[in-house]
Structure formats: structure tokens, C-alpha cells
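In what follows, a structure is listed as C-alpha cells, so that the remarks can point back to it.
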Amino acid sequence: SPKSSSSYEIVTLTTWLLQQERTGAIDNEMTIVLASISTACKQIAALVQRAPISNLTGVQGAVNVQGEDQKKLDVVSNEVFSNCLKSSGRTGVIASEEEDVPVAVEQSYSGNYIVVFDPLDGSSNIDAAVSTGSIFGIYNPNDECLADVDDNDTLDSVEQRCIVNVCQPGSNLLAAGYCMYSSSVIFVLTVGTGVYVFTLDPMYGEFVLTQEKVQIPKAGKIYAFNEGNYALWDDKLKLYMDSLKEPGDSGKPYSARYIGSLVGDFHRTLLYGGIYGYPRDKKSKNGKLRLLYECAPMSFIVEQAGGKGSDGHQRILDITPTEIHQRVPLYIGSVEEVDKVEKFLA
Ligand code: AHG
Ligand code: MN
Ligand code: MN
Ligand code: MN
């Protein structure tokens, strides 16, 4: 139910951001960036909900840097996200799943923050109207701030600086969040003071605070893996997966839940407990998910909720990307569940 700080006041994302600013958790530039991201998410929610009507289902006809057939909404949501961030005048560099390289916001409009994002996660689900989402993370610029770029800088030296600015470990994240486009439109955000959940009220188009300081259950008997890849997994992982199917003392094995959207599978894991995994396999040596704008932001959120994000051996937030679209295996969720898979993989 909506939270209010007094009997009559409903806390919206806007008022919550201003509260965080007053406590010093964020500065007013971050407030503007986060507000611009929430606007992008509202626009994408509207586009997703009407996709079949406005001919926005299906493929764009292009292949992105990931080698994926881009959906029309991959492209459109990337434009919506980029435009909202650029027009905020508070971002310096943006890196997207759908852009080959990071983009420096042009001088007159640039601010400091570095924003990484997956504009539409789970986009293979769009045509069937199954939950999708957007994921984002926000960093301070690295020492190599773009501010000292001058005209005699060659393009690739600016590009190089952008890559340096973007390739930071998730432990440097100042803020991370996602928006899930599902039966409700849910905006989940952390600025390092816990995990807050907002629900879009379609009556007046505002995100309303509905859960605060979410804590993920320490354990949970729900697992989300694409078992279609079982034959390609390491033997140790097969033993782990087999162990989940044994009834054990409780007489009940784990339940499988997998919808093919990281945002949807993660949000259920955050609230109900359990584990989401996208392991490496013989086909994809580093798994499928991208460190920068999927694994790191989700790991920051889960740790803020008392959970764990691992590549099977180390903390996701300790990994420094060496290239923008680098993939890593991901095991994320309840501490006891991630500990368990790490033991099998040791
Ligand atoms: P994206 O749509 O942003 O490319 O991400 C898709 C990811 C993730 O959302 C999901 O959990 C996973 O791909 C599903 O992959 P499989 O279809 O291989 O299971
Ligand atoms: Mn994709
Ligand atoms: Mn994704
Ligand atoms: Mn995507």
C-alpha cells in the first residue's frame, strides 16, 4: 500500500528524491538524472503497452553489436532513454546495450554523470506481451574527466576517454535501478540507502512509493535458470542443478520459474527469495548477460537488499570491465542460495 510520511501525503518518486537530497544521500544533479530516467521509463511503458497497436512489435531489421536481431522497441527505447538523459543536461557519457561504443554528450549539454543502461531487457518477450524492463546504473566520472576535452582531441581519444569513464567496477555505482513493464509498472531504485519500490499510478502518471528498504529472504526454494542449456553446462553445475530436484528432508524439491526477462525473474527473486542464474556454457564461454548494464546494477541492488551477486567465484561488484559489452556468468539472489551454487562450483 502507498507509504506516506504523514497521514495524508502519498510519497511520489519526486518527493522521495527531494527527501534523499535533503539528507545528502544524493545531490541535485543526481536528482535531475534520476527524474529524467523515470520519465524515459514512463514513456517506454506507454510504448510497450501499445506496441501491437502502433506497429512496434517485431524486428527492426538490424543486428546490434551483441549480434542480436534488434527489435523495433530495442531501438525506440534506446532513443527515448538517450534523449531523456541528454536533455537532462546532467550526464557526460552514456553507454547502452544498443550502442556500439559509449557516447559523450555534446559539450553545451553535458554534465558529469556516467549512465549505463539496457533500454529494453527481455525484448524477445515483446511480441507475446510478456514482462520486459529497463536497467540502469550511474557513476561519477573517472579521473579522466571529459571536461578537459578540447577541439584538438581526436575523436578516438574522446572515445577512449569515454571507455575509461564507463569501465568502472560496480562497487563504484552511486545509483542503480530498473523499471519492470508488467501487470504493474514497477520502478526499483537504490542510491546506497536501501532498496525502494515505486508503482506507476496510471491515474496521474506518477511513481508512488509502495515498498521501502526491501530485504530479500535469506533463502528461497525457487530457481530461475534456462535449463535448455543443461547439456552444455560444466559437470559441477549439473550436480548443483540435480540437487535442487531432490525432495530432501522437507519432501519438496525447488520450483522452477523462468520468464526469459532478467528484470522479471530478478524482481520475483528479490521479493520471494531464491536464485537467478545465467551460467557460462560450452557455447557461451562467459554466459550471456552483460556486466556493465545488467549484472553490476542488479548486483548493487541485491546487495542493498541483503542478497548476493556472483559470477560463481567472485563478487560481481569487484569485477572491473575491460570492454563495454563484456559478458560474465551471473548467480544472483538469496545469500544462502548463491553460497550453495558457489560451493558446488568451487
Ligand atoms: P536483452 O533482451 O536485454 O538482450 O536481455 C535478455 C537477457 C535477459 O533479459 C534474460 O534473462 C536472458 O537474456 C534470457 O536469455 P535466454 O533466452 O537465452 O534464456
Ligand atoms: Mn538485447
Ligand atoms: Mn538485458
Ligand atoms: Mn536489452
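Counting starts at 1 for both ligands and their atoms, following the listed order.
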Query raised in the report: Heavy atoms under 4.0 Å from ligand 1: which residues qualify?
Result: Glu68, Glu97, Asp118, Leu120, Asp121, Gly122, Ser123, Asn226, Tyr258, Gly260, Ser261, Leu262, Tyr276, Tyr278, Lys288, Leu289, Arg290, Glu294
Query raised in the report: More than 12 non-hydrogen atoms from neighbouring residues, nucleotides or ligands closer than 6.0 Å to NZ on Lys282, yes or no?
Result: yes
Query raised in the report: When the ring planes of Tyr276 and Tyr258 are compared, do they come out parallel, tilted or perpendicular, using 30° and 60° as the limits?
Result: parallel
Query raised in the report: According to the interplanar angle, ranging from 0 to 90°, do the rings of Tyr240 and Phe225 count as parallel (below 30°), tilted (30 to 60°) or perpendicular (above 60°)?
Result: tilted
Requested in this report: Evaluate the criterion ring pair (Phe, Tyr, Trp, His ring centres under 6.0 Å) for residue pair Phe207 and Phe187; output intermediate values, then yes/no.
Outcome: CA-CA 7 Å; Phe207 282 112; Phe187 191 85; 5.0 Å; yes
Report task. Check whether any side-chain N or O of Ser334 sits under 3.5 Å from a backbone N or O of Pro217 as a donor-acceptor pair, and report yes or no. Result -> yes
Could you go through residues 43-57 and list every donor-acceptor pair under 3.5 Å that involves a side-chain atom there, pairing it with any protein atom two or more places apart or in another chain?
{"from": "Ser54", "atom 1": "OG", "to": "Arg50", "atom 2": "O", "distance (Å)": "3.0"}
{"from": "Asn55", "atom 1": "OD1", "to": "Lys72", "atom 2": "NZ", "distance (Å)": "3.0"}

Query raised in the report: Please walk me through it: do Arg290 and Glu97 pass salt bridge (Lys or Arg N to Asp or Glu O under 4.0 Å)?
Result: CA-CA 8 Å; Arg290 285 58 54 121; Glu97 178 201 352; 3.3 Å; yes
Report summary line: Shell check on the Mn ion (ligand 3): protein N, O or S atoms less than 2.8 Å away are Asp118 OD2, Asp121 OD1, Glu294 OE2
Query raised in the report: Does Glu323 have any salt bridge (Lys or Arg N to Asp or Glu O under 4.0 Å) partners at least two apart in sequence or in another chain, and if so, which?
Result: none
Requested in this report: Is it possible for you to say whether Leu13 and Phe136 belong to one hydrophobic cluster, with membership spreading through side-chain heavy-atom contacts below 4.5 Å?
Outcome: yes
